[in-house]
Amino acid sequence: MNFEDILYEVRNGVAWITINRPEKMNAFRGQTCDEIIRALNKAGYDRSVGAIVLAGAGEKAFCTGGDQSAHNGNYDGRGTIGLPMEELHTAIRDAPKPVIARVQGFAIGGGNVLATICDLTICSDKAIFGQVGPKMGSVDPGYGTAFLARVVGEKKAREIWYLNRRYSGAEAVAMGLANICVPHDELDATVQKWGEEIGERSPTALAIAKRSFNSDTAHQAGIAGLGMYALKLFYDTEESREGVAALTEKRKPNFRKYAK
C-alpha cells in the first residue's frame with residue numbers, strides 16, 4: 001500500500017500506524033482518515049501482527065483532530081461532514097486486535113476522541129489531553145461524548161466538553177483516559193513492549209474479548225451516525241462558522257450573536 005499522510009511499519013509483530021503531518025500538528029484531512037482506515041484493515045487481518053499502535057509523527061502532537069484549513073462548513077473528504085469519522089472510529093473498534101494509542105504530545109479535539117476509542121492509551125509525561133469543540137463551533141456527538149462518559153465518568157466527561165480545559169498525562173491516567181504515563185524518553189520502548197506482550201497472547205481470545213467489550217457500547221454507533229448528520233446541519237450555520245473565522249482572524253469568537 002502507498003500512503004501519503006501516514007507511515008506504516010511492522011516492528012516485531014507490532015504494526016505502527018503513524019499520522020505523518022507534523023507540520024499540521026497531525027491534524028487529519030479526508031485522505032488521512034481514509035489511509036488510517038486502510039492501514040487498520042491491513043494490520044487487523046495480517047496474521048503476523050499481534051497488536052496495532054496508532055501514533056503521531058514528531059514531538060508536539062499525537063493528533064489535534066480535523067484540519068481546520070480543510071474546513072469551511074464541510075471538510076475536504078467524503079462522509080457526512082466531509083470526513084469519514086464514523087468509518088474511522090468503527091475501524092479502530094472493529095480491528096480484531098488491540099489498538100494502542102501512543103500519545104507523546106497534544107491529543108486534542110478529534111485526536112482526543114481517537115485516543116479514547118483505542119483499546120489502550122500509553123502517554124508520555126509531555127502529553128496533553130483535551131477538547132476544543134465548543135470553542136471552535138464544533139462537537140463530537142458520538143463516541144467522543146457518550147463513550148467518553150463510559151471511560152471517565154459522566155461528570156468528568158461533561159467537564160471536559162463544557163470547559164475545554166487541558167489535562168496532563170498523569171491526570172489522564174487518574175481519570176481513566178490513559179492506562180499509564182511514562183517518562184518521555186521511555187514512551188516508544190514501553191509501547192513496543194506492551195504490543196509485543198499482547199502478541200504473545202491467544203489472538204482468538206483477544207478478538208473475542210475485544211468484541212465482548214465492544215458489544216456493551218455497540219449502540220453508540222447509531223448515536224454517532226445520527227449525531228454526524230446533526231453536526232453537518234450545525235456546520236451550515238453562522239454560529240459554527242464563527243469558530244473557524246475567529247481562528248483565521250486570530251480573535252476571540254462571539255458565538256452568542258448568532259445563537260437562535
Side-chain angles (χ1 to χ4, degrees), residues 1-22 26 28 32-63 87-107 110-127 129 143 151 169 172-173 176-214:
M1 290 185 177
N2 294 319
F3 298 115
E4 180 180 346
D5 284 11
I6 70 169
L7 303 173
Y8 183 88
E9 178 186 6
V10 178
R11 307 177 189 173
N12 195 27
V14 181
W16 285 65
I17 300 170
T18 304
I19 303 172
N20 190 29
R21 307 186 80 219
N26 294 319
F28 47 72
T32 318
C33 295
D34 283 329
E35 291 186 5
I36 296 173
I37 292 167
R38 286 165 50 204
L40 284 165
N41 289 334
K42 176 181 174 65
Y45 294 97
D46 181 344
R47 293 190 177 185
S48 70
V49 169
I52 303 167
V53 173
L54 183 61
E59 293 295 313
K60 294 183 178 180
F62 163 69
C63 176
E87 288 183 47
L88 176 54
H89 295 164
T90 297
I92 293 172
R93 283 171 60 87
D94 283 359
K97 295 158 188 177
V99 181
I100 304 170
R102 167 203 176 266
V103 181
Q104 86 286 24
F106 290 105
N112 190 70
V113 177
L114 295 182
T116 302
I117 294 174
C118 285
D119 297 275
L120 303 167
T121 297
I122 300 174
C123 66
S124 91
D125 52 13
K126 293 184 179 181
F129 297 80
Y143 287 115
V151 173
V173 172
L177 189 57
N179 295 86
I180 186 173
C181 179
V182 300
H184 189 72
D185 60 0
E186 297 178 13
L187 180 61
D188 283 358
T190 303
V191 171
Q192 183 67 25
K193 179 182 178 182
W194 280 45
E196 290 179 6
E197 284 188 36
I198 289 169
E200 295 173 353
R201 307 298 182 255
S202 162
T204 303
L206 291 174
I208 294 172
K210 179 166 180 172
R211 280 164 170 72
S212 297
F213 285 124
N214 288 351

Look up atom [atom1] in [X] and atom [atom2] in [Y], then write down how far apart they are to the nearest 0.5 Å.
X	Y	atom1	atom2	value
Ile92	Ile37	CD1	CD1	9.0 Å
Asp119	Leu54	CG	CG	11.0 Å
Phe62	Asn112	CZ	CG	9.0 Å
Thr121	Leu177	OG1	CG	6.5 Å
Thr90	Leu40	OG1	CG	11.0 Å
Asp185	Ser124	CG	OG	9.5 Å

For the backbone of [Y] and the side chain of [X], can you confirm whether one donor and one acceptor N or O come within less than 3.5 Å of each other?
X	Y	value
Lys97	Ile52	no
Asn26	Ala61	yes
Gln104	Gly58	yes
Thr32	Asp5	no
Lys126	Glu59	no
Asn214	Asp94	no
Arg102	Val53	no

Criterion side chain to side chain contact (heavy atoms under 4.5 Å, CB included) on Arg38 and Tyr8, from CA distance to verdict: CA-CA 10 Å; Arg38 286 165 50 204; Tyr8 183 88; over 6 Å; no
Derivation and outcome, side chain to side chain contact (heavy atoms under 4.5 Å, CB included), residues Lys210 and Val99: CA-CA 10 Å; Lys210 179 166 180 172; Val99 181; 3.8 Å; yes
Side-chain touch Trp194/Pro98, heavy atoms, less than 4.5 angstrom: no
Tell me, do Arg21 and Cys63 make a side-chain contact under 4.5 Å, heavy atoms counted? no
Closest approach of [X] and [Y], non-hydrogen atoms and distance?
X	Y	value
Val14	Gly195	CG2-C, 3.5 Å
Val103	Ala115	CG2-CB, 4.3 Å
Gly56	Thr18	C-CG2, 3.7 Å
Gly44	Pro96	O-CG, 3.1 Å
Cys123	Phe129	CB-CZ, 3.9 Å

Assess the residue pair Phe3 and Ile17 against the criterion (side chain to side chain contact (heavy atoms under 4.5 Å, CB included)); give the C-alpha distance rounded to whole Å, side-chain angles, the decisive distance to 0.1 Å, and a yes or no. CA-CA 11 Å; Phe3 298 115; Ile17 300 170; over 6 Å; no
Given the rule in the side chain to side chain contact (heavy atoms under 4.5 Å, CB included) test, do Leu120 and Ile198 qualify, once you have shown the distances and angles that lead to the verdict? CA-CA 11 Å; Leu120 303 167; Ile198 289 169; 3.9 Å; yes
For Phe106, does the CZ atom have more than 12 heavy-atom neighbours from other residues, nucleotides or ligands under 6.0 Å away? no
Take a 6.0 Å sphere around NZ of Lys60 and say whether it holds more than 12 heavy atoms from other residues, nucleotides or ligands. no
Kindly write out the residues that satisfy side chain to side chain contact (heavy atoms under 4.5 Å, CB included) with Asp46, not counting sequence neighbours, or none if the list is empty. Ser48, Val49
Verify side-chain hydrogen bond (donor to acceptor under 3.5 Å, both in side chains) between Asn12 and Glu196, making sure each step is shown before the conclusion. CA-CA 7 Å; Asn12 195 27; Glu196 290 179 6; 3.1 Å; yes
